[in-house]
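The structure under discussion appears below in the form of structure tokens.
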Amino acid sequence: MKNFLTGPTMVSEDVLSKLSIPVFGHHTREFKSLAEFLKRSLASIFDTDDPVFPFTCTVSAALEAALNNIVSDGVLVLSNGAFGERWAFAASQSDLKVYHLNFNWGMPFDPQSISQMIETNRPDTLVMVHGETSTGMLNPIAPIANILKDFPDILLVVDAVGTLGGVPLSMRDDRVDVLVGASQKCLALPPGIVPVGVSRRTFERCVKSRRQGYAFNFTLWHERWQNDETIATPAIPQMNAMAFQLQRILDDGLEKRWKRHSAMLELMKEWIGKNGFAWFAPQDLLLPTVSCIIPDGRRETIPIADRMRERGYLIDAGYGKLKNASLRIGHLGDWDVQDLEECLKTLSDVL
Ligand SMILES: Cc1ncc(COP(=O)(O)O)c(C=O)c1O
């Protein structure tokens with residue numbers, strides 16, 4: 001079965017083989033050298049001098065942990081799709097003060113409303129999703145970081161789950177304080193490890209929090225991770241596979257990877273024009289890693305995904321309120337233009 005889901009995506013055989021090493025402990029020399037390599041290579045992928053922690057968990061757990069580590073006066077969550085909405089919901093399940101700017105799905109964020117909301121409520125943290133995979137939309141970070149120049153005390157938390165490794169992204173240049181990535185998307189690794197980059201000034205904020213807890217405590221992690229140690233037993237086989245794949249990605253060059261993802265988006269553009277589909281997201285904000293497309297005539301999409309499965313392809317029939325009304329194709333990770341061409345040829349046949 002060829003996995004063109006939006007994630008977890010296809011993982012190559014040689015990466016999978018790195019999961020089946022004899023397990024060693026996290027207090028060993030072997031682990032220290034693995035941790036040291038991960039520390040350096042994750043910093044290169046995130047383009048940062050700040051620490052990047054490889055948490056063993058889901059993305060939801062890591063994002064929630066970020067909020068618990070840093071928010072004290074209130075958090076502003078921007079949403080224009082399912083994952084932004086999830087972070088507003090997650091924040092609301094605690095005693096945090098939550099301000100939610102809930103734009104329609106697929107609508108770009110409006111800078112004026114954001115500034116107004118900040119002026120009125122003075123949150124100390126802002127959360128946004130860079131690649132909204134429910135709608136196939138890219139939310140550029142620069143305009144939001146620009147607004148925050150007028151509010152320098154606000155920390156910027158970015159869900160880069162759908163973009164890290166597939167789309168140009170720099171924790172340093174984009175002025176991101178907490179960057180939450182994922183293993184199972186553009187890095188083409190199994191799920192289970194969530195790399196989280198944390199800026200130096202974020203640690204100063206952590207001191208004020210009463211909710212840091214233990215397992216994802218940024219301060220404790222920082223103390224140990226700088227010595228290539230962790231505060232609890234991590235997913236060592238997954239970390240081993242991650243080291244192997246990151247080495248390959250960095251040897252190949254990140255820019256080449258970004259270009260390959262853009263080339264797959266170009267192919268999608270050509271294909272949809274000829275096959276009776278429309279984009280859900282605005283044309284100038286399409287996500288190079290995930291396409292969310294709407295069939296004309298309000299056709300149901302679950303039967304299309306089912307027919308694709310019969311022919312050996314996994315694609316997604318829509319998420320949340322777009323379920324059975326859209327197709328989502330994940331052209332990310334280690335897939336290439338030729339692989340996507342074959343998938344789309346099969347999809348044309350099915351249609
Ligand atoms: C953009 C984005 N954010 C967050 C998540 C949630 O990840 P998890 O299921 O690991 O909590 C996903 C999952 O697909 C996603 O695409």
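In this chain, residues are counted from 1 in sequence order. Counting starts at 1 for both ligands and their atoms, in listed order.
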*asked:* Just by distance, no angles: are the side chains of Asp14 and Gln245 close enough, under 3.5 Å, to form a donor-acceptor pair?
replied: no
*Taking atom CZ of Phe31 and atom OG1 of Thr233, what is their separation to the nearest 0.5 Å?*
9.5 Å
*Hey, what do you get for CE (Met107) to CE (Met137), rounding to the nearest 0.5 Å?*
8.0 Å
*Within the 4.0 Å heavy-atom sphere of ligand 1, strictly under, residues*: Thr58, Val59, Ser60, Phe83, Arg86, Trp87, Gly131, Thr133, Asp159, Val161, Gln184, Lys185
_Criterion salt bridge (Lys or Arg N to Asp or Glu O under 4.0 Å) on Asp95 and Lys97, from CA distance to verdict_ = CA-CA 7 Å; Asp95 59 354; Lys97 255 188 265 161; over 6 Å; no
_Ring center gap for Phe4 and Trp335 short of 6.0 angstrom_ = yes
*Any chance you could lay out the ring-ring contact (aromatic ring centres under 6.0 Å, His included) test for Phe55 and Trp221, step after step, and finish with the verdict?*
CA-CA 10 Å; Phe55 286 148; Trp221 257 89; 5.0 Å; yes
